[in-house]
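A short worksheet on the structure shown next.
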Amino acid sequence: MEKPYGCKLPRKFYLQDTLEIARGLLGKYLVHENAQGMTVGKIVETEAYLGKDDPASHAFGGKKTERTEVQFKVGGHVYVYLIYGMYNCFNIVTEKEGEPKSVFVRALEPIAGQDLMRDRRGITDESVDGLVELTNGPGKLCMAMDIDTSMSGKDLCEDEIFVTYPKDEDHMKIVSSERINIDYAGEAKRWPWRFFIKDNSFVSSSE
DNA sequence: CTCACGATTAGA
DNA sequence: CTAATCGTGAGA
């Protein structure tokens, strides 16, 4: 059977500068296969959280707690947390061990397993509008890909969940903006650490 | 132990 | 625009 994805990213990818990784992840495929089946989504929107020097980061000031300690692992691990008591947020830990930086994945474009995604999202609309609703937000993509906090701490360099270079990476223009919904972060709200693929309709709708 | 809060979403 | 909904983490 022909796989709808390419080669898994090596550890080295996740050891680059976090802002480079946030941009570099755009266009890559996130792959998760479990007993229900396989789902694949192209990463189209990310945000960088730069750890101890970033007031918006859960690790601001070097704070380490039970929930956030996976961010201190070596780059390539998964950090998932629950927000508002009901939605999961998927992040990729970056850089060397002890450096609690990460990239938050805000939106995907469904590539494979769309029927399964529709089931998990409870969406019956098979039009383009329905397709966009599957993964155009951080909580939505976690529902579609079946990602929850039990996956926090997993290693993307293993086989349960991983990111790949697609066989043919599309031509795309990357743009940046302020990060979304971090009013608590003061002046850091202005820092342009959100990246997305220009004109991609699966990017989350906030501006 | 208590309790305020959130890197969101769906729906009015 | 707001309600939903609960794990987390700081403080008593």
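Being a predicted model, the structure only gives us computed values, none of them experimental. Lettering follows sequence order; numbering is per chain, from 1.
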As a test of reading the structure: which of C:dG9, B:dT9, C:dG7 is closest to the side chain of A:L82, going by heavy atoms? C:dG7
C:dT5: pairing nucleotide in any strand, Watson-Crick or G-U under 3.5 angstrom: none
Charged tip of A:R11 within 45° of A:Y14 ring normal and under 6.0 Å: no
Between A:H58 and A:Y49 (judged by ring centroids, cut-off 6.0 Å), do the two rings come close enough to count as a pair? no
Would you classify A:K63 as touching base, sugar-phosphate or nothing, given that sugar-phosphate means primed atoms plus P, OP1 and OP2, and contacts are heavy atoms under 4.0 Å? sugar-phosphate
A:Y84 side-chain proximity, nearest of B:dG6, B:dA7, B:dT9: B:dG6
Does the side-chain ring of A:Y87 sit on the six-membered ring of the B:dT8 base, less than 5.5 Å centre to centre and under 30° in tilt? no
Paired nucleotide for B:dA7 [Watson-Crick or G-U wobble; both distances under 3.5 Å]: none
Taking the six-membered ring for Trp and the single ring otherwise, decide whether the centroids of A:Y29 and A:F162 are under 6.0 Å apart. no
Under 4.0 Å from OP1 or OP2 of B:dA7: is there any side-chain N or O of A:Y184 that close? yes
Establish, with yes or no, whether the OP1 or OP2 oxygen of B:dA10 is under 4.0 angstrom from a side-chain nitrogen or oxygen of A:K140. yes
Would you please confirm or rule out a distance under 4.0 Å between OP1 or OP2 of B:dA7 and any side-chain N or O of A:N181? no
Whole-Å distance between B:dA7 P and A:E178 CD? 16 Å
Spacing between A:N91 atom CG and B:dT8 atom C1', to the nearest angstrom: 13 Å
In terms of the nearest nucleotide of DNA chain C, which residue is placed more toward the 5' end: A:T149 or A:M86? A:M86
Atom CG of A:L50 and atom C1' of B:dA7: how far apart are they, to the nearest Å? 13 Å
Taking A:G137's backbone N and O only, do any of them form a donor-acceptor pair with A:S204's side chain (distance below 3.5 Å, no angle check)? no
Whole-Å gap separating P (B:dT8) and CG (A:D183): 10 Å
Rounding to a whole Å, what distance do you find between A:N88:CG and C:dT5:P? 16 Å
Is the phosphate of C:dT8 approached by A:T65 (side-chain N or O, under 4.0 Å from OP1 or OP2)? no
Listed nucleotide nearest any side-chain atom of A:P138, set B:dT9, C:dT8, B:dA7: B:dT9
Separation of C:dG9 P from A:K64 NZ (nearest whole Å): 13 Å
Could you work out which one of C:dG9, B:dA7, B:dA10 sits closest to the side chain of A:R67? C:dG9
So, A:D54 and A:R179, do they make that salt bridge, N to O below 4.0 Å? yes
Is the terminal nitrogen or CZ of A:K64 (NZ for Lys, CZ for Arg) located under 6.0 angstrom from the six-membered ring centre of A:F72 and within 45° of that ring's axis? yes
OP1 or OP2 of B:dA10 less than 4.0 angstrom from a side-chain nitrogen or oxygen of A:R121, does that happen here? yes
Whole angstrom is fine here: how far is it from CD in A:E47 over to C1' in B:dT8? 12 Å
How many Å lie between CD1 on A:I180 and P on B:dT8, as a whole number? 8 Å
Using a 5.5 Å cut-off between ring centres and planes within 30 degrees, is A:Y81 stacked on the base of B:dA7? no
Distance test, side-chain N/O of A:R106 to OP1/OP2 of B:dT8, below 4.0 Å: yes
